[in-house]
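Every chain is numbered from 1 and lettered A, B, ... according to where its sequence line falls, protein lines coming before strand lines.
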Amino acid sequence: MKVIYSDGKTGECPKEDELHVIRHTAAHILAQAVKRLYPTASFAYGPATEKGFYYDIDLGDAKLSETDLETIETEMRKVIKENLQIKPFILPREEALKLMKERNEPYKVEHIADLAENEPISFYQQGEYIDMCTGPHLTYTGTLKAFKLTYISGAYWKNDCKNKMLTRINGTAFATAKELDEFIKLQEEAERRDHRKIGKDMQLFMFSDEGPGFPFFLPNGMTIKNSLLEYWREIHRQNGYQEISTPLIMNRRLWETSGHWDHYKDNMYATEIDDEPYCIKPMNCPGAVMVYSTQPHSYRELPIRLAEIGTVHRHELRGTLHGLFRVRCFTQDDAHLFMRKDQIAETITDVVRIINEVYTKFGFEYYLELSTRPEDSMGSDEDWEAATNGLKDALNKMNLPYTINEGDGAFYGPKIDFHLKDCLGRTWQCGTIQLDFQMPLNFDLTYVDENDDRQHPIMIHRVCFGSIERFIGILTEHYAGKFPVWLSPVQAKVLLVSKKSEEYAGYIYKMLKDANIRCELDNRNEKIGYMIRQAQYTERVPYMIIIGEKELENQNISIRTRDSKTVSMSPEEFLEKITTEIRDRV
RNA sequence: GCCGCCGUGGCUUAGCGGUAUAGCGGCUGAUUCGUAAUCAGCAGGUCGAGGGUUCAAAUCCCUCCGGCGGCUCCA
């Protein structure tokens, strides 16, 4: 694929950069079309992204809605049909500024001001349209073959909520129409996996207008949650964690001491009890700290691992709520570890190992992010540096790749975040490991060292699932609702072909029930196809047991799985199979 | 919180100035049936809430509430 660079030379584009160039050029064509339709529009950033491209545009008073996308697409096709040559040119800073001012592009002017002095500034022109850009680009607008505008959203200038909100037009582009079609099909498939839709189908959870962002778990969802927690408790017991439970509401004094009142107040729900101010916990740490501080500790006991399935409430902004992924009340599979300085690396390694074990069990891929000191935070620079290096060392020792997210740590310490992908490729933070030198100081936590001196322990805050709600949401999309048997709300469902074999079906049902299998019986006067439709495609039951005269006669059962395959076996054989699967959590 | 869109029975939805469509689901009856849609009948809606315009509002306007897609933020 031929592209043109900012120095005016054309060349063959490296294969791996092709899509990026196509999309970037699509963004320019989008801008040109918008400028034709809205002559007063001025343009901010318009990059190619992982899934397409967008352009942030200031449309003044004009409002754009999704239906306008068609008009813009039509205009873009005109630009493509005109097959304009795309020509770069370079200007010195002053002239670049002058050009952008003349063309009424205040955002580009501001952008130039952010660039290094003396840096020559490149532009690309196609017909009447000029954009400041480093390139490279396609050589002619006519070489853009497959694009689609997808949606409109708002976006702050320079991603800062203090700045003006611009209109972001999103689109995608590919080298061929076939690839674009595949992309659209994939998106549609992803929408079918949406945990909110599946959650409704399978009756896992719900929301009420009486509590936006506060999820209700329905019986089926509760089964999944409890199965996950059972697994979680098993792993944590094996790894030396002790489980505690701490109050949901505590006196504001506690939150002032912990630093939450200073640094996290905006997210906290407050109330009053007997004329005293109280807060509903947004985090579990102060509770664990209370438990630690209730007794003196020796260096020999450390690390102490206090786990808590703790429900927290946080006032999140309305616009951020999203199914189970972003809620205002969620349950963390939390743990707070208290340790000596010399135990940091070893303890963190151990925590990472557990989280990795859990994620691997579900077949998740994840990526790690190390977040450093935020502006609004407490503690000395030395402590922050030591804590950050502690996390880095552990990651490096384990050879784990990670990216650094500057300034995104908790207010009390830096953190390692585990990010998981949802069905649309958006990533969500789930597990996190936070190293904290501050809270033990704030609460004056101590242990007695080998010289009989009092020392402050260091704390780790960590979650593995993160929020159980979010984790179940991710799991739902990951499995498209076809949960493994050990998590499935209904593990087997007996479907009756006709009343003639009702007694035998009842016998099979009872056998499974008695063996503690989560089993249901469908003995309605319905055709078998109808029952299968409901069991397999709505309830997503892993094993459908079909019972009719044939089975009665052979004293066996027919097992249909969610991939529509059917096999026959003896009831005992099936019981053995499903019991093993549940026990081994496969 | 900000930008845009949306809100009709349990679910999906038609209607977009003359007081409500249909399908699925539910219930009842018939059918007794072999691996995703048998037939018939019935029930179920103060069209998110409040206010306004109008002879007349699900439909137009305003406010609020809730949802969706993003932005910001986060587990």
Side-chain angles (χ1 to χ4, degrees), chain A residues 54 56 59 63-69 150-170 194 196-197 200-201 203 206-213 264 266-267 282-284 310 312 314-334 371 374 408 410 415 417-420 424 426 428-432 434 461-471 473-474 495-502 525-538 544 546-551 558-561 564-566:
Chain A
Y54 65 79
D56 288 347
L59 288 162
K63 288 201 193 306
L64 221 55
S65 70
E66 228 95 313
T67 47
D68 296 314
L69 290 182
T150 46
Y151 59 89
I152 292 176
S153 65
Y156 296 109
W157 166 234
K158 288 184 180 170
N159 283 341
D160 187 337
C161 65
K162 288 181 213 78
N163 288 339
K164 183 170 184 183
M165 179 151 281
L166 308 168
T167 304
R168 175 171 296 179
I169 302 177
N170 296 272
D194 192 309
R196 291 165 302 183
K197 191 188 166 306
K200 220 172 236 172
D201 265 8
Q203 298 274 301
M206 59 169 255
F207 288 91
S208 156
D209 287 1
E210 306 306 331
Y264 208 72
D266 290 347
N267 285 297
M283 297 187 194
N284 301 303
V312 296
R314 298 181 184 176
H315 182 77
E316 302 293 347
L317 293 177
R318 258 174 51 76
T320 63
L321 303 178
H322 183 104
L324 286 183
F325 285 161
R326 189 70 184 274
V327 289
R328 283 176 170 163
C329 161
F330 57 99
T331 302
Q332 295 184 300
D333 61 319
D334 218 341
S371 295
D408 211 36
K415 56 179 188 167
D417 291 326
F418 293 69
H419 291 257
L420 295 177
L424 284 170
R426 296 175 292 207
W428 298 87
Q429 186 183 318
C430 289
T432 175
Q434 311 175 342
H461 311 232
R462 51 112 279 181
V463 287
C464 174
F465 297 144
S467 116
I468 292 169
E469 288 74 6
R470 180 176 286 183
F471 198 77
I474 301 253
L495 309 182
L496 185 59
V497 176
S498 83
K499 290 283 180 192
K500 286 177 197 156
S501 17
E502 187 165 20
N525 271 339
E526 291 292 351
K527 291 176 79 173
I528 194 68
Y530 177 88
M531 294 173 169
I532 285 172
R533 199 165 81 225
Q534 188 175 349
Q536 180 171 345
Y537 298 94
T538 305
M544 284 153 280
I546 319 281
I547 303 288
E549 289 178 88
K550 205 168 69 194
E551 285 76 18
S558 293
I559 312 292
R560 181 185 165 112
T561 49
S564 301
K565 293 205 176 82
T566 306

Under 4.0 Å from OP1 or OP2 of rA75(B): is there any side-chain N or O of H461(A) that close? no
rA36(B) pyrimidine/purine six-ring stacking with Y530(A), under 5.5 Å and 30°: no
With rounding to whole Å, what would you report as the distance between rA49(B) and rG66(B) at their P atoms? 15 Å
Students often get this wrong, so: under 4.0 angstrom with heavy atoms, is K550(A) touching a base, only sugar-phosphate, or nothing? base
If we call it a pair only when both distances are under 3.5 Å in a Watson-Crick or G-U wobble match, what pairs with rG34(B)? none
Most 5' of R328(A) and E526(A) on RNA chain B, judged by nearest nucleotide: E526(A)
Regarding the side chain of L317(A), the nearest nucleotide among rU72(B), rA75(B), rA36(B) is rU72(B)
Using the C1' atom as the reference point in each nucleotide, state the distance between rG48(B) and rG67(B) in Å, no decimals. 10 Å
N/O (side chain, K499(A)) to phosphate O (OP1/OP2, rU32(B)) under 4.0 Å: no
Roughly, in whole Å, what's the span from NZ in K197(A) to P in rU13(B)? 11 Å
Under 4.0 Å: is that the gap between some side-chain N or O of R196(A) and OP1 or OP2 of rC68(B)? yes
Are any non-hydrogen side-chain atoms of Y156(A) and D56(A) less than 4.5 angstrom apart? no
Using distance alone, with no hydrogens and no angle criterion, decide if D201(A) and T538(A) have a side-chain donor and acceptor under 3.5 Å apart. no
Rounded to whole Å, please give me the gap between NZ in K63(A) and P in rC5(B). 8 Å
What does T566(A) touch in the nucleic acid at a heavy-atom separation under 4.0 angstrom: a base, only the sugar-phosphate, or nothing? base
Please state the P separation for the pair rG44(B) and rA22(B) - nearest whole angstrom. 15 Å
Does the structure show a Watson-Crick or G-U wobble partner for rG66(B), both distances under 3.5 Å? Name it, or say none. rC6(B)
Looking at K158(A), I'd like to know whether one of its side-chain N or O atoms comes within less than 4.0 Å of OP1 or OP2 on rC71(B). no
Please give, in whole Å, the distance from rG1(B) C1' to R314(A) CZ? 18 Å
Sticking with atom P, work out how far rC33(B) lies from rU38(B), rounded to a whole angstrom. 15 Å
Need the pair for rU19(B). Rule: Watson-Crick or G-U wobble, both distances under 3.5 Å, any strand; none if unpaired. none
Just checking Q203(A): base, sugar-phosphate only, or nothing, at a heavy-atom cut-off of under 4.0 Å? nothing
Under 3.5 Å, is there any donor-acceptor pair linking the side chain of R326(A) to the base of rC73(B)? yes
Taking only the side-chain heavy atoms of N525(A) (C-beta and beyond), determine which of rG25(B), rU31(B), rU72(B) contains the nearest atom. rU31(B)
Where the side chain of S153(A) is concerned, which of rU38(B), rG70(B), rG34(B) is the nearest nucleotide? rG70(B)
Find out whether E549(A) and V497(A) are in side-chain contact, i.e. whether some heavy atom of one side chain is under 4.5 Å from a heavy atom of the other. no
Under 3.5 Å, is there an N or O donor on one side and an acceptor on the other linking the side chain of E551(A) and the base of rG34(B)? yes
Of T167(A) and G213(A), whose closest RNA chain B nucleotide lies nearer the 5' terminus? T167(A)
Check whether the aromatic ring of F330(A) stacks on the base of rA75(B), taking stacking as ring centres less than 5.5 Å apart and planes within 30° of each other. yes
Checking the side chain of R470(A) only, and the main-chain atoms of F325(A) only, is there a donor and an acceptor separated by less than 3.5 Å? yes
From the set rU12(B), rG69(B), rC73(B), return the single nucleotide nearest to any side-chain atom of K200(A). rU12(B)
Closest of rC33(B), rC2(B), rA36(B) to the R560(A) side chain is rA36(B)
Does N159(A) make a side-chain N or O approach to OP1 or OP2 of rC71(B) shorter than 4.0 Å? no
R470(A), nearest nucleotide to its side chain (from rC74(B), rG34(B), rU32(B)): rC74(B)
Side chain of I532(A) only, heavy atoms from C-beta on: which candidate in rA75(B), rA36(B), rG1(B) is closest? rA36(B)
Tell me which nucleotide among rG1(B), rG67(B), rA75(B) gets nearest to the side chain of P212(A). rG67(B)
Nearest-Å distance once atom C1' is located in both rG15(B) and rC55(B): 22 Å
Using the P atoms only, state how far rC62(B) lies from rC3(B), rounded to an integer number of Å. 15 Å
Please tell me which of the listed nucleotides, rA36(B), rC71(B), rU35(B), lies nearest to the side chain of Y537(A)? rA36(B)
Identified pairing partner of rU13(B), criterion: Watson-Crick or G-U wobble below 3.5 Å: none
Report the C-alpha separation of D194(A) and R196(A) in whole Å, then their side-chain angles, then the decisive distance to 0.1 Å, and conclude whether the salt bridge (Lys or Arg N to Asp or Glu O under 4.0 Å) test is met. CA-CA 5 Å; D194(A) 192 309; R196(A) 291 165 302 183; 2.5 Å; yes
Let's see if you can work this out: which of rC74(B), rC24(B), rG1(B) has an atom nearest to the side-chain heavy atoms of R318(A)? rG1(B)
Find the partner of rC73(B): check Watson-Crick (N1-N3 plus N6-O4 or O6-N4) and G-U wobble (N1-O2, O6-N3) distances, both under 3.5 Å, and reply none if neither fits. none
Using atom C1' in both nucleotides, what's the gap between rG7(B) and rC64(B) to the nearest angstrom? 14 Å
Distance between the P atoms of rA57(B) and rG50(B), in whole angstroms? 14 Å
In Watson-Crick or G-U wobble terms, with both distances under 3.5 Å, the base opposite rC47(B) is none
Does rG25(B) have its OP1 or OP2 closer than 4.0 Å to a side-chain nitrogen or oxygen of R533(A)? yes
